[in-house]
Protein chains: 2
Amino acid sequence: MAGGPAKRRKPKGSQRDISDATLRRFSGYNMKRAFNTVQTDVNRVLAPFGLRMVTFSALVIIVDNPGLRQSQLADALSVERPNLVLIVDDLERRGLISRNPSPKDRRAYALNPTDDGAKLYRAAVAAVGDHDAWITRHLSHAERAALIPVLQRIEAADRAEVPEEKASGRPQTS
Amino acid sequence: MAGGPAKRRKPKGSQRDISDATLRRFSGYNMKRAFNTVQTDVNRVLAPFGLRMVTFSALVIIVDNPGLRQSQLADALSVERPNLVLIVDDLERRGLISRNPSPKDRRAYALNPTDDGAKLYRAAVAAVGDHDAWITRHLSHAERAALIPVLQRIEAADRAEVPEEKASGRPQTS
DNA sequence: TATTGTTATACTCTATAACTATA
DNA sequence: TATAGTTATAGAGTATAACAATA
């Protein structure tokens with residue numbers, strides 16, 4: 001009952017050494033590779049709970065902000081409203097949350113966790129937290145502390161208004 | 001000729017403040033958000049070159065490793081072989097690379113860049129490099145230096161064999 | 001008019017099985 | 001039998017347009 005097989009196929013001995021040194025100099029490329037690996041693993045951690053990374057994130061936001069509307073949830077997760085519908089459907093079908101008519105606005109639903117949802121929240125958050133500690137186990141204390149703020153500043157820097165000159169033309173950089 | 005519109009829609013003033021503090025404590029969640037933002041932007045930078053992030057990566061690997069086989073390219077990019085076919089098709093159709101019959105193995109193709117491919121490589125690498133400097137402009141020198149090695153160690157740590165106990169059960173972590 | 005939730009749709013990315021031709 | 005490239009396919013993730021009900 002300790003979960004499914006977690007093997008990875010790797011024994012692909014290439015005849016020549018392929019260099020990706022140029023790509024490795026770009027943070028975007030390294031972020032993509034690291035995130036893809038982590039997401040696959042997080043989904044495996046969440047599978048026993050019947051959750052994926054997105055449904056887990058939605059459940060967490062709902063438990064932490066009971067009564068919020070779907071458009072607020074979509075906004076918090078940076079997910080388009082149409083795509084959120086299926087995610088909320090999924091959580092509701094599993095009895096983890098409920099859609100209640102909003103008293104103030106008859107167009108909107110207030111999202112609330114059920115008792116089962118709150119219980120699953122606690123177990124899933126603990127499991128994901130353990131996984132997070134696992135994948136950062138080889139980082140120093142300082143690196144671990146810096147990682148999340150750095151990622152947040154990259155996100156913020158990139159979301160900021162990009163002047164047209166920066167977007168297409170390019171400034172001198174080395 | 002300075003590229004298309006780069007506006008972002010953001011003026012969604014939520015009525016209440018929605019907290020994602022729990023999610024923000026997980027590096028995977030922050031990696032997802034940062035990477036999604038960066039990828040969207042990188043694709044916008046590459047669009048004028050007729051490239052996407054994946055085709056750009058493939059072109060770079062081919063230019064840096066001329067004569068390699070498709071399976072080696074797939075391996076280097078961590079892309080499944082079937083998915084690579086369309087990527088290589090794309091680059092070949094644009095005249096950036098050529099598929100040449102391998103002299104040693106009649107099943108295989110040797111991938112080589114064309115002159116146009118090598119030229120586009122230089123321009124695109126410069127543009128992506130500038131974008132990379134742009135999104136990390138608010139990081140300290142130390143943070144910038146640490147970012148890529150940290151991402152690589154997370155990827156390596158997660159690719160490593162995951163013991164069954166770690167995968168499903170969970171050790172004590174605060 | 002604008003917004004909430006929704007449907008429909010489409011395109012990309014990722015992943016697996018199975019085929020062919022070679023080895 | 002195993003591998004290289006390919007085809008077909010399926011599932012997520014992401015994005016936009018448009019609609020009904022309501023504001």
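Order of the sequence lines fixes the chain letters, A, B, ..., with proteins taken first and strands second; residue numbering starts at 1 for each chain.
- Residues from residues 93-100 of chain A that place a heavy atom under 4.0 Å from any atom of DNA chain D: there are none.
- Nucleotide D:dT14 holds its C1' atom 10 Å from the NZ atom of B:K32, rounded to whole Å.
- Taking atom CD of residue B:E80 and atom P of nucleotide C:dC13, one finds them 15 Å apart after rounding to whole Å.
- With sequence neighbours excluded, the residues satisfying side chain to side chain contact (heavy atoms under 4.5 Å, CB included) with B:S102 are B:K104, B:D105, B:A108.
- Between A:T22 and B:Y121 the shortest side-chain heavy-atom distance falls below 4.5 Å.
- Taking 4.5 Å as the limit, every side-chain heavy atom of B:I97 sits out of range of all side-chain heavy atoms of B:T114.
- Of all nucleotides listed (D:dG5, C:dT6, D:dA15), D:dA15 comes nearest to the side chain of A:N83.
- Remark: B:L84 engages B:Q70, B:L73, B:A74, B:L77, B:V79, B:I87, B:V88 in a side chain to side chain contact (heavy atoms under 4.5 Å, CB included) (not counting sequence neighbours).
- With sequence neighbours excluded, no residue forms a side-chain hydrogen bond (donor to acceptor under 3.5 Å, both in side chains) with A:S19.
- Between C:dT12 and B:Q39, no contact under 4.0 Å exists linking OP1 or OP2 to a side-chain N or O.
- Distance, B:L86 CG to D:dT6 C1': 10 Å, rounded to whole Å.
- For the pair B:L46 CG and C:dT12 C1', the interatomic distance rounds to 15 Å; values are reported in whole Å.
- Evaluation of the side chain to side chain contact (heavy atoms under 4.5 Å, CB included) rule for B:P66 yields B:N112, B:P113 as partners, not counting sequence neighbours.
- For B:S140, the side-chain hydrogen bond (donor to acceptor under 3.5 Å, both in side chains) criterion is met by B:E143, not counting sequence neighbours.
- Inter-residue side-chain proximity for A:I154 and A:S27 is flagged as unmet; no heavy-atom pair is nearer than 4.5 Å.
- Sequence neighbours left out, not one pair with a member in residues 57-66 of chain A passes salt bridge (Lys or Arg N to Asp or Glu O under 4.0 Å).
- For residues 53-66 of chain B, proximity to DNA chain C is found at B:V54, defined as any non-hydrogen atom under 4.0 angstrom from a strand atom.
- Comparing A:S78 and B:D89 against DNA chain D, the residue whose closest nucleotide sits nearer the 5' end is B:D89.
- Atom pair A:R69:CZ and D:dA23:P shows a separation of 12 Å (rounding to whole Å applied).
- Ranked by how close their nearest DNA chain C nucleotide is to the 5' end, A:N36 and A:Y109 are led by A:Y109.
- Nearest to the side-chain atoms of B:R52 among the listed nucleotides D:dT6, D:dA12, C:dC13 stands C:dC13.
- Partners of B:R93 by side chain to side chain contact (heavy atoms under 4.5 Å, CB included), not counting sequence neighbours, listed by chain and number: B:D89, B:D90.
- Distance from the side chain of B:T40 is smallest to D:dA15 among D:dT6, C:dG5, D:dA15.
- Atom CG of A:L84 and atom C1' of C:dT7 are 15 Å apart (whole Å).
- Under the salt bridge (Lys or Arg N to Asp or Glu O under 4.0 Å) criterion, A:E155 pairs with A:R159, B:R24, B:R33, sequence neighbours left out.
- For A:S71, a side-chain nitrogen or oxygen approaches OP1 or OP2 of C:dG5 to under 4.0 Å.
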Acceptor/donor pairs from residues 47-60 of chain B side chains to any protein atom, 3.5 angstrom cut, sequence neighbours excluded:
residue : atom : partner : partner atom : Å
B:T55   : OG1  : B:R52   : N            : 2.7
B:T55   : OG1  : B:R52   : O            : 3.1
B:S57   : OG   : B:M53   : O            : 2.9

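- Note: CZ (A:R81) to C1' (D:dA17) measures 14 Å, nearest angstrom.
- For the pair A:L68 CG and C:dG5 C1', the computed distance is 14 Å after rounding to whole Å.
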Strictly under 4.0 angstrom, non-hydrogen atoms only: write out the protein contact profile of nucleotides 17-23 of chain C, one letter per nucleotide from the 5' end, B, S or -. B---BBS
